[in-house]
K.L.:
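Dumping the structure here so I can ask a few things about it.
Note that the structure is a prediction, hence the values are computed from the model and not measured. Counting starts at 1 for both ligands and their atoms, following the listed order.
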Amino acid sequence: MVSRVIPVDPFDLVIFGATGDLARRKILPGLFRRFCSGQMPEEARIIGAARSEMDDDAFRQMVADAVREFGGGQACEDGTLDSFLQHVGYEHVDAMGDDGWKGLRARLRPGLVRAFYFSVAPSLFGALAERLRSFKLADDDSRVVVEKPFGHDLASAKALNATLAQHFHETQIYRIDHYLGKETVQNLMAVRFGNMLFEPLWNAQYVDHIQITVAETVDVSGRGSYYDKSGAMRDMVQNHLMQLLCLIAMEPPARFEPDSVRDEKLKVIRALDPVDYHHIVRGQYGADASQPGYRVHVEDERSTTESFVALKCHISNWRWAGTPFYLRTGKKLKARASEIAVVFKDAPHSIFGPDAGTHRNVLAIRLQPNEGMTLDVTIKEPGPGGMRLKDVALDMSFAEALGADAEDVPDAYERLIMDVIRGNQTLFMRGDEVEAAWNWTDPIIAGWNRRGEVPKPYEPGSSGPEDALMLMHRDGRRWRDIRA
Ligand code: NAP
């Protein structure tokens, strides 16, 4: 099935940091795919900006290389790439100086949607925002897109919000968390609020616990110097896992509109209890015979930064009081797999007697790989010989169910950039959400530092440290297997 594509309004999109890794791997190939889908109007312009000196043609060559390397598919070869490149230009601009700003302004056209993507280090956000105003490139209708990390802690996030707020209204600021752009994450809301089936059971009375796992197989080599100052808590939990937790736990918003959704997410974060330090496990991958450990990938050979976190938390509100939420994420684990699993309680009484065993319904929402959902239901084992029960999964891959090629499903970045052009902030984090999330994670990190806690080592290719398994075993529960 070919999905319906509604073209967006004509726009000028300036990408600061257009020569960088994120622009080359995600933003530019994503824009090309939207162009191929017919979503980008003829008048759309994409202007790369960075300090490197190059002309339009040199930048177009860089864009063509990036698109070929990071996902243009067949369309690159049939002339579509050349057409796309006609929409692309470049201006050399220094965020910290006055070079290039007038030239950039001359490229912008009046009366169109105007968006500025800050794909640069956060230390440049303030300088960019200030110059966009002082050189009169941005007005009160312009949009700015800012990348993570959004601060390092509550104080720095507040400072960053305050800096941006000097130049832009909250309604102009799009803080990207690309997890929110994933098809499955939005499907989570469709499943919860578009069906009658689940929502009545979606509470502490029927849900035993919820597990959220974001497991990666990659190590931190190549980004060790950034990662070592951050760690899994700041890099993954404070933003991505927190957003997933919010969407799974929030009350139904009155409407699928930016502030209705974001108000509900904020209430979840504010209702989170502080985490007992006995309920958190930090890990760091070690070496094995064939591969180096974490400390080889970072400068500090005695680093105590965590590459893995597992924790149990509680949301103190009427819906969830007493239901634990278990979160885990890590690098160098056994598979690249992310899922949210809602584990329902046992039936209150088994009419099949003790031999039938215990069976549980589990709704698992897979974010990657192969986005989809499974619902474990209990049925009778086929054949004679009495009533033996067995759990089977109703398994739905979204791509298969919708008849779409994986390539047809827009990548998170593509979708989010198009939302910026449309002016839809629903899938972007509001400033107060980001601050509330830091407010919850800061004491956890401060506690580790105060106690001088050292992460538990774990084997590369494993499920994380033994203590993370124990975190659930102690409660008579177990993690679901991490499977690709
Ligand atoms: P990067 O590869 O280091 O690129 C940085 C870009 O900024 C380059 O284009 C650089 O070009 C430009 N730049 C540096 N100083 C500048 C200045 N004074 N004026 C104008 N441009 C300047 O970084 P990245 O990995 O693309 O990351 C960009 C942002 O996205 C960061 O905030 C990062 O945390 C975030 N992010 C990245 C990823 C990822 O996968 N890479 C994922 C999530 C978030 P010149 O040197 O030519 O100026």
K.L.:
Tell me, which protein residue and heavy-atom name are nearest atom 46 (O) of ligand 1, and how many Å apart are they?
P.N.:
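Nearest protein contact, heavy atoms only, for atom 46 (O) of ligand 1 is Arg51 NH2, 2.9 Å.
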K.L.:
Quick one: look up the protein heavy atom nearest atom 40 (O) of ligand 1 and list residue, atom name and how far away it is.
P.N.:
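Looking at atom 40 (O) of ligand 1, the protein heavy atom closest to it is Arg25 NH2, 2.6 Å.
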K.L.:
For Leu22, is at least one N or O under 3.5 Å away from an N or O on ligand 1?
P.N.:
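Yes, at least one N or O pair falls under 3.5 Å.
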K.L.:
Please find out if less than 6.0 Å separates the ring center of Phe325 from that of His314.
P.N.:
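Distance test on ring centres: not under 6.0 Å, no.
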K.L.:
Hey, are Glu147 and Arg175 close enough for a salt bridge, meaning a charged N less than 4.0 Å from a carboxylate O?
P.N.:
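The answer is no: the pair does not qualify as a salt bridge.
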K.L.:
Does the residue Lys26 have a heavy-atom contact with ligand 1, meaning some pair of atoms that are separated by less than 4.0 Å?
P.N.:
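Contact absent.
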K.L.:
For ligand 1, which atoms sit closer than 4.0 Å to a heavy atom of Pro122?
P.N.:
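In order of numbering, the contacting atoms are 32 (O).
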K.L.:
Check whether any N or O atom of Gly17, backbone or side chain, sits under 3.5 Å from an N or O atom of ligand 1, and answer yes or no.
P.N.:
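Between Gly17 and ligand 1, an N or O pair is found under 3.5 Å apart.
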K.L.:
Return the closest protein heavy atom for atom 44 (C) of ligand 1 as residue, atom name and distance.
P.N.:
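Going atom by atom, the protein heavy atom closest to atom 44 (C) of ligand 1 ends up being Glu147 OE1, 3.2 Å.
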K.L.:
Salt-bridge test for Lys331 and Glu216: reply yes if a basic N is under 4.0 Å from a carboxylate O, no otherwise.
P.N.:
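A salt bridge links Lys331 with Glu216.
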K.L.:
What I want to find out is whether Asp259 reaches Arg430 closely enough, with some N-O distance under 4.0 Å, to be called a salt bridge.
P.N.:
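Yes, Asp259 and Arg430 are salt-bridged.
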K.L.:
At what distance is the nearest protein heavy atom to atom 19 (N) of ligand 1, and which residue and atom is it?
P.N.:
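Atom 19 (N) of ligand 1 sits closest to the protein heavy atom Ala95 N, 2.8 Å.
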K.L.:
Nearest to atom 47 (O) of ligand 1, what protein heavy atom do you find, and at what distance?
P.N.:
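In this structure, atom 47 (O) of ligand 1 has Ser52 OG, 2.4 Å as its nearest protein heavy atom.
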K.L.:
Please work out whether the ring planes of Phe116 and Phe16 are parallel, tilted or perpendicular, with thresholds of 30° and 60°.
P.N.:
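Correct class here is parallel.
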K.L.:
Please state which protein non-hydrogen atom is closest to atom 33 (C) of ligand 1 and give its distance, to 0.1 Å?
P.N.:
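The closest one turns out to be Lys148 O, 3.6 Å.
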K.L.:
So which heavy atom in the protein is nearest atom 11 (O) of ligand 1, and how far is it from that ligand atom?
P.N.:
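Of the protein heavy atoms, Thr19 OG1, 3.0 Å lies nearest.
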K.L.:
Given the protein's heavy atoms, is any one of them under 4.0 Å from atom 36 (N) of ligand 1?
P.N.:
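Looking at atom 36 (N) of ligand 1, one finds that a protein heavy atom does lie closer than 4.0 Å.
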K.L.:
Return a yes/no value for Ala50: is any of its N or O atoms, backbone included, closer than 3.5 angstrom to an N or O of ligand 1?
P.N.:
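Ala50 vs ligand 1: no N/O contact under 3.5 Å.
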K.L.:
Between Tyr413 and ligand 1, does any nitrogen or oxygen pair lie at a separation below 3.5 Å?
P.N.:
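Between Tyr413 and ligand 1 (N or O atoms, distance only) the closest approach is not under 3.5 Å.
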K.L.:
Please list, in number order, the atoms of ligand 1 under 4.0 Å from a heavy atom of Gly20.
P.N.:
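Numbered from 1, ligand 1 contributes 2 (O), 4 (O), 8 (C), 9 (O), 26 (O).
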K.L.:
What is the closest protein heavy atom to atom 18 (N) of ligand 1, and at what distance does it sit?
P.N.:
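Answer for atom 18 (N) of ligand 1: Asp94 OD1, 2.9 Å.
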K.L.:
Does Arg33 come within less than 4.0 Å of Glu414, counting only side-chain N to carboxylate O?
P.N.:
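Yes, this pair counts.
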K.L.:
Look only at interatomic distance and state if Ser119 has a nitrogen or oxygen under 3.5 Å from any nitrogen or oxygen of ligand 1.
P.N.:
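So ligand 1 has no N or O lying under 3.5 Å from an N or O of Ser119.
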K.L.:
Check salt bridge (Lys or Arg N to Asp or Glu O under 4.0 Å) between Glu459 and all other residues, then give those that pass, not counting sequence neighbours.
P.N.:
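In terms of salt bridge (Lys or Arg N to Asp or Glu O under 4.0 Å), with neighbours along the sequence ignored, Glu459 is linked to no residue.
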K.L.:
Ignoring hydrogens, just give me the one of Asp21, Val93, Ile27 whose non-hydrogen atom is nearest atom 41 (N) of ligand 1.
P.N.:
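It is Asp21 whose heavy atom sits nearest to atom 41 (N) of ligand 1.
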K.L.:
Asp228: what forms a salt bridge (Lys or Arg N to Asp or Glu O under 4.0 Å) with it, not counting sequence neighbours?
P.N.:
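None.
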K.L.:
Angle between ring planes, Tyr458 versus Tyr285, binned at 30° and 60°: parallel, tilted or perpendicular?
P.N.:
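The arrangement is perpendicular - the two ring planes meet at more than 60°.
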K.L.:
In terms of side-chain geometry, is the basic nitrogen of Lys148 or Asp235 positioned less than 4.0 Å from the acidic oxygen of its partner?
P.N.:
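Between Asp235 and Lys148 there is a salt bridge, with a charged N closer than 4.0 Å to a carboxylate O.
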K.L.:
Between Val120 and ligand 1, does any nitrogen or oxygen pair lie at a separation below 3.5 Å?
P.N.:
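It does: an N or O of Val120 is found under 3.5 Å from an N or O of ligand 1.
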K.L.:
Between atom OG of Ser37 and atom CZ of Phe32, what is the distance when rounded to the nearest 0.5 Å?
P.N.:
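That separation rounds to 10.5 Å.
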K.L.:
Between Asp177 and Lys182 (salt bridge meaning N to carboxylate O under 4.0 Å), is one present in this structure?
P.N.:
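Between Lys182 and Asp177 there is no salt bridge, as every charged N stays at least 4.0 Å from the carboxylate O atoms.
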